[in-house]
Amino acid sequence: MLDTSSPFVPTATLPASEARMDVATRRLRKAVIACELAPGDFIHEAALAERFGLGRAGIRVALTALSAQGFVSRHARQGWRIAPVDGALIEAVLDGRRRLEPSLAVQRLNGQARDLLISLLGVMESVFGRSEPAALATARLAERQLRDLLVSSAGSFARRWLGEIWDHADRILRLLDLAGHPVAPPDRRALAAALIAGDADAARFAITQENERFAGALAHGFLSVSARLAQPAARSARRRRARPMTATADTPIPLPIPLSKEQQ
């Protein structure tokens, strides 16, 4: 008779410790992408364990995994640092999207995938042009699911690389949201029509056009944030009489978004 209590009996479930570590990795990754853990901030394992109710071992494994994906970096005697959103990151994200996403134009969709594509497109069209946070969140979620659908039949390397690139792009978009300059979701109707028709050239052109729109939107957003930060806060007339002091280059300005070490 088979002894089901034997440790050598194969099991379909992961050990509890491995499952908890996987949960920790997903939870911290989500917090980084949503800027719940702010770009450029230093964090410590003990504080994260207490904040998220996770074990120190799971936190350490999660941070190590996120470090390999470029979301955090370890600094001696300072702890871990959330990767800043700076020019180098934005350039890497744009370059990665331009190089890898056109390969998705050759994907062939089966009937179920086409139905899902049409459904997601309908969700995006229902909130297209609306700027309230809930509408933006709905459109972005549907658009991300559309991209995940296209990459689902690609090779494992393409899925992993594009998944990480898109997560970094989502973090950049979230930071602009918090800074008051949200980027409008893309119009994917041309891409969807090309994919349904099996027209790879038209799909590739639509992907290329969207990447250029995305690059321009990021440039506009960060230039707008920089221009706003460069303007000194206005003082009331009463305060000007009491303290006739003008803003100088050394006057600290409150920042709505963190800057990288090179920008500080």
Side-chain angles (χ1 to χ4, degrees), residues 18 21-45 47-49 51-52 54 56-104 140-141 143-145 147-148 150-152 154-179 183 207 210-212 214-215 217-219 221-222 225-226 255 257-264:
E18 292 185 33
M21 290 179 183
D22 189 48
V23 168
T25 301
R26 292 199 305 269
R27 180 66 186 90
L28 289 188
R29 186 186 181 105
K30 181 178 179 181
V32 171
I33 294 171
C35 293
E36 185 179 343
L37 297 174
D41 275 4
F42 281 94
I43 53 178
H44 300 278
E45 293 174 7
L48 289 177
R51 176 174 177 178
F52 294 105
L54 301 167
R56 286 284 295 274
I59 290 291
R60 188 174 298 113
V61 169
L63 289 171
T64 301
L66 292 177
S67 176
Q69 297 160 6
F71 290 103
V72 302
S73 57
R74 190 168 191 172
H75 296 259
R77 297 183 298 278
Q78 291 180 292
W80 298 82
R81 191 188 189 204
I82 306 300
V85 172
D86 54 17
L89 174 66
I90 295 172
E91 182 178 4
V93 167
L94 294 175
D95 182 61
R97 292 189 66 166
R98 285 166 174 152
R99 290 175 183 271
L100 295 177
E101 286 187 9
S103 66
L104 300 178
R140 285 180 184 166
L141 178 59
E143 201 270 336
R144 177 59 190 264
Q145 289 175 342
R147 282 184 276 138
D148 288 339
L150 297 185
V151 81
S152 62
S156 59
F157 285 113
R159 287 197 302 270
R160 188 178 76 235
W161 292 335
L162 278 171
E164 291 181 6
I165 289 171
W166 290 339
D167 282 349
H168 280 289
D170 288 346
R171 190 165 73 103
I172 295 169
L173 290 175
R174 177 57 179 161
L175 190 61
L176 282 173
D177 287 345
L178 295 174
V183 173
I207 290 171
E210 165 51 26
N211 281 334
E212 295 312 309
F214 180 72
L218 292 190
F222 280 103
V225 172
S226 299
L255 304 179
I257 59 172
L259 300 178
S260 67
K261 180 181 289 185
E262 293 77 12
Q263 292 171 307
Q264 292 173 350

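Taking all atoms of both residues into account, the shortest heavy-atom contact from P84 to P39 is CA-CB, 4.1 Å. In this structure, A38 and I82 approach most closely via the heavy-atom pair O-CB, 3.4 Å. For D177 against V183, the heavy-atom pair with the smallest separation is OD1-N, 4.3 Å. For R81 against G40, the heavy-atom pair with the smallest separation is NE-O, 3.1 Å. Closest non-hydrogen pair, G58 versus A24, comes out as O-CB, 3.6 Å. Between L218 and L94 the shortest heavy-atom distance is CD1-CD2, 4.3 Å.
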Please tabulate, for side-chain N and O atoms in residues 66-73, each donor-acceptor pair with protein atoms closer than 3.5 Å (sequence neighbours left out).
residue: Q69; atom: OE1; partner: R29; partner atom: NH1; Å: 2.3
residue: S73; atom: OG; partner: H75; partner atom: NE2; Å: 3.0

Inset, instruction - Verify side-chain contact (heavy atoms from CB on, under 4.5 Å) between I33 and R174, making sure each step is shown before the conclusion. - result: CA-CA 8 Å; I33 294 171; R174 177 57 179 161; over 6 Å; no
Inset, instruction - For V32 and D167, run side-chain contact (heavy atoms from CB on, under 4.5 Å): C-alpha distance rounded to whole Å, both residues' side-chain angles, the deciding distance at 0.1 Å, then the answer. - result: CA-CA 9 Å; V32 171; D167 282 349; over 6 Å; no
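At a threshold of 4.0 Å, the pair D170-K30 does not count as salt-bridged, since none of the basic side-chain nitrogens sits closer than that to a carboxylate oxygen.
The environment of CD in E212 is crowded: more than 12 heavy-atom neighbours from other residues, nucleotides or ligands sit within 6.0 Å. Summarising the local packing, CZ of R99 is surrounded by 12 or fewer heavy atoms from other residues, nucleotides or ligands at distances under 6.0 Å.
Contact annotation: the side chain of L54 never approaches that of L48 to less than 4.5 Å [non-hydrogen atoms, C-beta and beyond]. In this structure, R74 and L63 have side chains that are not in contact, with every pair of non-hydrogen atoms separated by 4.5 Å or more. Here the side chains of V23 and F52 are not in contact, with every heavy-atom distance at 4.5 Å or above. Side-chain contact between R171 and L89 is present, with at least one heavy-atom pair separated by less than 4.5 Å.
Interatomic distance, R159 CZ to F157 CZ, rounded to the nearest 0.5 Å: 10.5 Å. Note that the CH2 atom of W80 and the CG atom of L37 stand 13.5 Å from one another [nearest 0.5 Å]. In this structure, the separation between CG on L176 and SG on C35 is 9.5 Å, given to the nearest 0.5 Å. Considering CD1 of I43 and CD1 of I59, their distance stands at 8.0 Å, rounded to 0.5 Å.
Checked against salt bridge (charged side-chain N to carboxylate O under 4.0 Å, His left out), E143 has the following partners two or more places apart in sequence or in another chain: R147, R188.
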